[in-house]
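Before any comments, here is the structure.
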Number of protein chains: 2
Amino acid sequence: MTSVKKMAARKTVERQTGVALWRQIADRIRLAIGNGDYDATGMVPPETTLASEFGVNRHTVRSALAALAEEGLVRAVQGRGTLIERKDRVTYPISRRTRFSQGLGRQVKEIGSKLLGQREVRASGDVAAALGLPPGSPVVELRTVSSGDGRPLSATISYFPAERFPEMAQQYARLGSVTKAFAAQGLDDYLRVSTEIVARHADAEELKLLKLSPGAIVLEALAVNADLAGRPVEYSRTRFAADRMKLRIET
Amino acid sequence: MTSVKKMAARKTVERQTGVALWRQIADRIRLAIGNGDYDATGMVPPETTLASEFGVNRHTVRSALAALAEEGLVRAVQGRGTLIERKDRVTYPISRRTRFSQGLGRQVKEIGSKLLGQREVRASGDVAAALGLPPGSPVVELRTVSSGDGRPLSATISYFPAERFPEMAQQYARLGSVTKAFAAQGLDDYLRVSTEIVARHADAEELKLLKLSPGAIVLEALAVNADLAGRPVEYSRTRFAADRMKLRIET
DNA sequence: CCTAAATGTCTATTGATCTAGACGACTATA
DNA sequence: TATAGTCGTCTAGATCAATAGACATTTAGG
């Protein structure tokens, strides 16, 4: 409809929006790489081509590519072109039996989980409601960051009923997995009962934990897991680096 | 953990990242409004306070507030302060039986669906794969925008197998609902078989359709619905205005 | 009625971003 | 070994983003 642009498929970027053109273009190219748009050549189109596609100066495209090179996503080789080093976006499956490491298994070679902190606190309103406990009940809080092949993928804050799982913190520290820590305390199976997802700009803490650049997006998933009898055993708040992840809902 | 900032809670913003300070600040304030941080007064803190909190000049804060006023989120009144006009996020449930209007029922008074365009096209690779058809098969494409209480919430592109649902476009135009259009063509029930979710910055078209301000985020859900025999009947690509919506996964 | 506190407007200056053009350096291929 | 195609670097100027300070205007409250 409306106007039909001729020739070189014009990819629009917006000016005067508080987001620099080079950053908008970097975001678009990162997305295109993730979509496999350049798989045929394994390279990003030449700078001059990109510049005319986006309707900007070649220097602006170079700034965008420099940012992507900084991320380790591409590598420019003089005389040849700009090679794609890594294709982004890991798929994270969400199902009734969601297990962090399991789902990522084949997509990344190495999964890392780092425990940032743990403490016992009294459940605030939302945590208590999610876990079906009276407000103020003791809960174990775990803060973790998970990464795939060295890149941070998600930052999580989890809450567990302290009375039922008093050793949660120690067991997690020892085993490095929520599923295993549950098993060590007599819970062999649990199911995802609810997940809420919002997308927003990352705050300062998230930028640091996930090694993101400002303006980056996080997908925040609020999830409740329950045992087979339906009693909540975990409430978690996971922030995913949106440009590295895709969520798949399996129903 | 680590360092504890003292005094006037310094809210950090990052410089030289391609995202203007005023936009970072606008994003932070929008988030704070959504979190209910200013509910006590119904107002945003004074410009001078915000300026010192973020460690920037008052003019920079004014640019941020001007952007939020443009969105209709706040309204500045000389001599009084900056009033919060609106704070919201509609929840969109995703389950095996996802129906657009149903889930929003009690949250918004009035649901609007606008048909932007319809045509019959040959299925491209991804569409064909999702619908389980040979590439190039005829499919009906519908483009719609849905809104709640007058504000656009989502923009959708849907594909239906043209052979099985030849009247899709006409029926949708007449009935204003995919569920009803299916029913009119003999399909009484269908289920969501897969959903993929990514978050990214809105492109130019989405900014326009969803009446967003540049730099805004969209949640993109790629979904396949199938009949009870498991045959795909719809492939849809829905872009939600992320600052107005929350997705709830029901498993 | 005055004052404090808040937003509105103006000018001037600095630094970051973007454009424009030219030319050098490297790679692959005919 | 040319030559076309591509990335690398440099200079100069225009526009946008942010700072700084001053003062006007409006509102609420003593």
Side-chain angles (χ1 to χ4, degrees), chain A residues 8 10-29 33 38 40-70 73-85 213-215, chain B residues 8 10-29 38 40-70 72-85 213-215:
Chain A
R10 177 61 126 267
K11 292 169 183 165
T12 56
V13 282
E14 310 267 320
R15 285 154 197 269
Q16 293 168 0
T17 63
V19 182
L21 295 180
W22 64 264
R23 177 149 289 286
Q24 296 184 51
I25 292 169
D27 291 341
R28 296 278 295 269
I29 296 175
I33 291 174
Y38 307 136
T41 59
M43 296 171 73
V44 169
E47 295 171 352
T48 49
T49 306
L50 289 169
S52 88
E53 276 181 0
F54 286 110
V56 303
N57 192 277
R58 180 176 154 234
H59 293 294
T60 309
V61 169
R62 281 180 60 74
S63 299
L65 291 175
L68 294 176
E70 182 73 21
L73 205 62
V74 301
R75 180 168 54 92
V77 178
Q78 191 173 98
R80 291 182 60 194
T82 303
L83 283 60
I84 294 169
E85 291 281 272
S213 43
Chain B
R10 176 62 126 265
K11 293 166 183 165
T12 55
V13 282
E14 313 264 324
R15 288 157 195 267
Q16 293 168 7
T17 61
V19 182
L21 294 181
W22 64 264
R23 176 149 291 283
Q24 295 185 50
I25 292 170
D27 292 340
R28 297 279 295 271
I29 296 174
Y38 306 136
T41 58
M43 296 170 73
V44 168
E47 294 171 352
T48 49
T49 306
L50 289 170
S52 86
E53 275 182 0
F54 285 109
V56 302
N57 192 276
R58 178 176 157 235
H59 293 294
T60 308
V61 169
R62 282 179 61 74
S63 299
L65 291 175
L68 295 177
E70 182 73 21
L73 205 62
V74 300
R75 180 168 52 90
V77 179
Q78 190 172 132
R80 290 182 61 193
T82 304
L83 285 60
I84 295 169
E85 292 278 89
S213 49

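Chain letters run A, B, ... following the sequence lines, proteins first, then strands; residues in each count from 1. This is a predicted model, so every value here is computed, not measured.
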Nearest-angstrom distance from the residue atom [atom1] of [X] to [atom2] of [N]:
X: B:L21; N: C:dT14; atom1: CG; atom2: P; answer: 19 Å
X: A:Q78; N: D:dA4; atom1: CD; atom2: C1'; answer: 15 Å
X: B:F54; N: D:dA17; atom1: CZ; atom2: P; answer: 18 Å
X: A:L50; N: D:dG5; atom1: CG; atom2: C1'; answer: 15 Å
X: A:R23; N: C:dA16; atom1: CZ; atom2: P; answer: 16 Å
X: B:R75; N: C:dG8; atom1: CZ; atom2: P; answer: 11 Å

If we only count heavy atoms from C-beta on, is the B:L83 to B:V77 side-chain gap below 4.5 Å?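 Yes, close enough: below the 4.5 Å cut-off.
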Heavy-atom side-chain proximity of B:T60 to B:R62 below 4.5 angstrom: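 They are not in contact (no side-chain heavy atoms under 4.5 Å apart), so the answer is no.
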Counting side-chain heavy atoms from CB outward, which of [options] is closest to [X]?
X: A:R58; options: D:dT26, C:dT9, C:dA22; result: C:dA22
X: A:E47; options: D:dG8, C:dC18, D:dA18; result: D:dG8
X: A:T82; options: C:dT17, D:dC7, C:dT7; result: D:dC7

Between CG of B:L68 and CD1 of B:I29, what distance do you get to the nearest 0.5 Å?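 Between B:L68 CG and B:I29 CD1, I get 6.0 Å after rounding to 0.5 Å.
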Would you please test B:W22 and B:H59 for side chain to side chain contact (heavy atoms under 4.5 Å, CB included) and show each step? CA-CA 9 Å; B:W22 64 264; B:H59 293 294; over 6 Å; no
Does OP1 or OP2 of C:dC18 have a side-chain N or O of A:S63 closer than 4.0 Å?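 The answer is no; no side-chain N or O of A:S63 sits under 4.0 Å from OP1 or OP2.
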May I ask you to evaluate whether A:T60 reaches the phosphate of C:dT19, defined as a side-chain N or O under 4.0 Å from OP1 or OP2?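 Yes, such a contact exists.
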Donor-acceptor pair, distance only, cut-off 3.5 Å: does the side chain of B:Q24 make one with the backbone of B:V19?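 Yes.
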More 5' along DNA chain C: A:R80 or A:H59, using each one's nearest nucleotide?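 The residue closer to the strand's 5' end, by nearest nucleotide, is A:H59.
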B:R62 or A:N57: which one's nearest nucleotide on DNA chain C is closer to the 5' end?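 Here B:R62 is the residue nearer the 5' end.
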Which part of the nucleic acid, if any, lies within reach of A:T48 when heavy atoms closer than 4.0 Å are counted: base, sugar-phosphate only, or nothing?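 Touches nothing.
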